**Q** 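The structure is given below, and queries will be raised subsequently.
The model shown is predicted, which means the values in this text are computed figures rather than measured ones. Labels below follow one simple rule: chain letters A, B, ... track the order of the sequence lines, proteins then strands, and each chain is numbered from 1. What's counted below: heavy atoms across the whole structure, side chains too, no hydrogens, waters or symmetry copies.
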Amino acid sequence: MSVRVRFAPSPTGALHIGGVRTALYNYLFARQQGGTFILRIEDTDQNRYVPGAEEYIVESLRWVGLLPDEGVGFGGAFGPYRQSDRKAIYREYAERLVASGHAYYAFDTPEALEIRRNDEPNFTCNHATRGGLVNSLTLPAAEVQSRLSAGESWVIRLKVEPGQEIHVHDLIRGSVVFQSNELDDKVLLKADGMPTYHLANIVDDHLMQITHVIRGEEWLPSTAHHVLLYRGFCWEDTMPRFAHLPLILKPVGNGKLSKRDGAKFGMPVFPLSWKGETPEDSFPGFREAGFLPEAVVNFLALLGWHPGGDQELFSLEDLTAAFSVEHISKGGARFDFEKAKWFNQKYIQSADNAVLATHIRPLAEAKGYRVSDDYLAVVAGLMKERVTFLPDFVEVGYYLFEPIREYDLEMLQKKWNPGMEQVFESLAAVVAPLEPYESGVLETAVKAFIQENGLKPGDVLSLLRLALAGTMKGPAVFDMAAALGPEETVKRLHQLVVQGSKVHQGVENA
RNA sequence: GGCCCGUUCGUCUAGGGGUUAGGACGCAUCCCUUUCACGGAUGAAACACGGGUUCGAUUCCCGUACGGGCUACCA
């Protein structure tokens, strides 16, 4: 039987980066096994539904390159793939469970249960308490019928039989055993007619012929209920295999990574930025922070999984080939933003200049820079070993697009002297007519000029750098001069003279 | 509280009954470079603790501690 896996997020807001990792592992497993990767939207909670979240999920998957083979917006023979569109199906299956004696109608209101919970610390609906509650197990059949037809509010609960041992075989953790006495009678169908996660999940996984359930560790405790459901439906022979992923933890402190940690630690925890109703509900994304999707994928893949060996850099194809569920770690993984940065730097460094240019283009345009693709590629080449994020190209390297905003005054003061005025005017004259105006040609000419005039290379070159970039950091001087062109180079040389004289006077006066 | 899961350098991890416990991020030092980076080299840095089992445990078993998850008509 061919492998079918699903990524089943619920559209309650922006998709957490941990969700992206879950999608990634599902995707890798499907690809590697020649299987099918399905996107199912679990929107069974009407109250938590957030408009736009579904689109966000799809756009996120698209950005990181994890396109589903089937699912909402992607077609497939097992639809619909949005659970709210499958409402009638769940009711039918829930009633089937009631008919077979594996579930029952319960009439206790949430308020009534809440009161019980407050009175009895460990109160829960289970085999021990259901006899004292209002349901189709305790009420005469006729009354159940009359309550039902009277339109009274009810839910369907799973009837967990006590005294059983439920063995779950997890692909990552091995055998996990639960005692049915400890399990509560989970609500399967809610009062609004919608299923809970538990019912919808099992029905859909069965109907969609899911073979492997790869999901977060937070689902491990309820897997016992899921097994009971498969049994109740007599689907145990085709029950999917389970793999529960370790959680992604906060960078520091205790607990799992949460939405708020982004703001708290000054880093994104979502793939794309999200604009919520309020500023507090809005979050920055990896994409907007200037990450390449390949870097995010690589980083995420290694957060909780490693194939062994010393390789750190993996393309999606590499990951597909190397992936194995057995190599997924059991312990939670701390979200290490420093490592994410390193991956991004690596991917930017090795990216093609023309490709980088397409990424820089919108950033440059946002700043009002009007430049050619060729020029952007040149900038990419000059800066890519000096940046961490995409916006750094236009921010750190702004001087490749606009005049110097500020000079490193300390350095200028140190290197400048009145004689330099003449030197740089002459240098401008030497450089202006150079042809072709290329790095090597410039270097030869400038160095000859330095030698002929008996100047100190360190002084002239430093000042030249200051003239072109304003700072002592940056690409090789002659590369910058070549990129800027003769006109701009000369202009900046003159500008330096102005600045240098100013600084010198300041020193004299002081 | 109850149930379940986990624990190798600060972090992500490899490994596995006998190893100098390996790699990567970060950090430090040095080299390269008339800048900054990149790159290269080197270094500091770990098997949570206590019992077993064993000739021998970091590795297997049991406890303890610590961490995490679940405990909703949320997913």
**Q** Look at the side chain of A/Arg48 against the base of B/C74 and say whether a donor-acceptor pair falls under 3.5 Å; ignore hydrogens and angles.
**A** yes
**Q** Which part of the nucleic acid does A/Gly216 contact within heavy-atom distance under 4.0 Å: base, sugar-phosphate only, or nothing?
**A**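 Contact class for A/Gly216: none.
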**Q** Looking across every strand, which nucleic acid part, if any, lies under 4.0 Å from A/Gln345 by heavy atom: base, sugar-phosphate, or nothing?
**A** sugar-phosphate
**Q** Kindly say whether A/Leu292 contributes a backbone atom to a donor-acceptor pair with the side chain of A/Asn344 at under 3.5 angstrom?
**A**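 Yes.
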**Q** When both hydrogen-bonding distances must be under 3.5 Å and the geometry is Watson-Crick or G-U wobble, what is B/C27 paired with, if anything?
**A**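 Pairing partner, where one exists within any strand: B/G43.
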**Q** Heavy atoms only, 4.0 Å cut-off, all strands: where does A/Pro475 land among base, sugar-phosphate and nothing?
**A**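 Here A/Pro475 touches the bases of the nucleic acid.
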**Q** So which nucleotide does B/U64 pair with, by the Watson-Crick or G-U wobble rule with both distances under 3.5 Å?
**A** B/A48
**Q** Counting only side-chain heavy atoms from C-beta out, which of B/U35, B/A75, B/C25 sits nearest to A/Lys190?
**A**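 Of B/U35, B/A75, B/C25, B/A75 is nearest to the side chain of A/Lys190.
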**Q** With both distances under 3.5 angstrom, what nucleotide forms a Watson-Crick or G-U wobble pair with B/G1?
**A**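 Pairing partner: B/U71.
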**Q** Rounded to the nearest Å, what distance is computed from the CG atom of residue A/Leu302 to the C1' atom of nucleotide B/A14?
**A** 11 Å
**Q** Of all residues at least two apart in sequence or in a different chain, which pass the side-chain contact (heavy atoms from CB on, under 4.5 Å) check with A/Ser175?
**A** A/His167, A/Val177
**Q** Please work out if A/Thr44 contacts a base, only the sugar-phosphate, or nothing of the nucleic acid, heavy-atom cut-off 4.0 Å.
**A** sugar-phosphate
**Q** Tell me, do A/Phe343 and A/Leu313 make a side-chain contact under 4.5 Å, heavy atoms counted?
**A**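 Yes - at least one pair of side-chain heavy atoms lies under 4.5 Å apart.
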**Q** So what does A/Ala333 hit on the nucleic acid, given a heavy-atom distance under 4.0 Å: a base, only sugar-phosphate, or nothing?
**A** sugar-phosphate
**Q** Using the P atoms only, state how far B/G1 lies from B/A24, rounded to an integer number of Å.
**A** 42 Å
**Q** For the pair made of NZ in A/Lys250 and P in B/C12, what is the distance, rounded to whole Å?
**A**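 Nearest whole value for this atom pair: 15 Å.
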**Q** Counting side-chain heavy atoms from CB outward, which of B/A24, B/U13, B/C73 is closest to A/His306?
**A** B/U13
**Q** Checking all strands, does A/Gln349 fall into the base, sugar-phosphate, or nothing category for heavy-atom contacts under 4.0 angstrom?
**A**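 Touches sugar-phosphate only.
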**Q** Who is the Watson-Crick or G-U wobble partner of B/U20, with both distances under 3.5 Å?
**A**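 With both distances under 3.5 Å required, B/U20 matches none.
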**Q** Is A/Arg465 side chain donor-acceptor paired with the B/U35 base, going by distance under 3.5 Å alone?
**A** yes
**Q** Using a heavy-atom cut-off of 4.0 Å across all strands, would you classify A/Asp108 as base, sugar-phosphate, or nothing?
**A**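 If one applies the 4.0 Å heavy-atom cut-off, A/Asp108 turns out to touch a base.
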**Q** Remember a base hit wins even if backbone is also touched, and classify A/Lys447 as base, sugar-phosphate or nothing at under 4.0 Å, heavy atoms.
**A**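 Here A/Lys447 touches no strand at all.
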**Q** In this structure, how many angstroms lie between the C1' atom of B/U35 and the CE atom of A/Met472, rounded?
**A** 5 Å
**Q** How close do A/Leu188 and A/Ala103 get, heavy atom to heavy atom, and via which atoms?
**A**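 Here A/Leu188 and A/Ala103 meet closest at CD2-CB, 4.2 Å.
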**Q** Can you find an N or O donor on one side and an acceptor on the other, under 3.5 Å apart, linking the side chain of A/Arg386 with the base of B/C36?
**A**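 Indeed there is one.
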**Q** If you count every heavy atom of other residues, nucleotides or ligands that lies below 6.0 Å from A/Glu120 atom CD, does the total exceed 12?
**A**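 Yes, enclosed.
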**Q** In residues 176-184 of chain A, which residues come under 4.0 Å of RNA chain B by heavy atom?
**A** A/Val176, A/Val177, A/Phe178, A/Glu182
**Q** With a 6.0 Å cut-off (strictly less than), is the heavy-atom count around CZ of A/Arg117, excluding the residue itself, greater than 12?
**A**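 Counting neighbours around CZ of A/Arg117, more than 12 heavy atoms of other residues, nucleotides or ligands fall under 6.0 Å, so yes.
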**Q** Counting any heavy atom closer than 4.0 Å, what does A/Thr223 reach on the DNA or RNA strands: base, sugar-phosphate only, or nothing?
**A** nothing
**Q** Using atom CG of A/Asp459 as one end and atom P of B/U35 as the other, report the distance to the nearest whole Å.
**A**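 From A/Asp459 CG to B/U35 P: 13 Å.
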**Q** Using only heavy-atom distances, decide whether a donor-acceptor pair under 3.5 angstrom links the side-chain of A/Lys473 to the base of B/A37.
**A**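 Answer no: no donor N or O sits under 3.5 Å from an acceptor.
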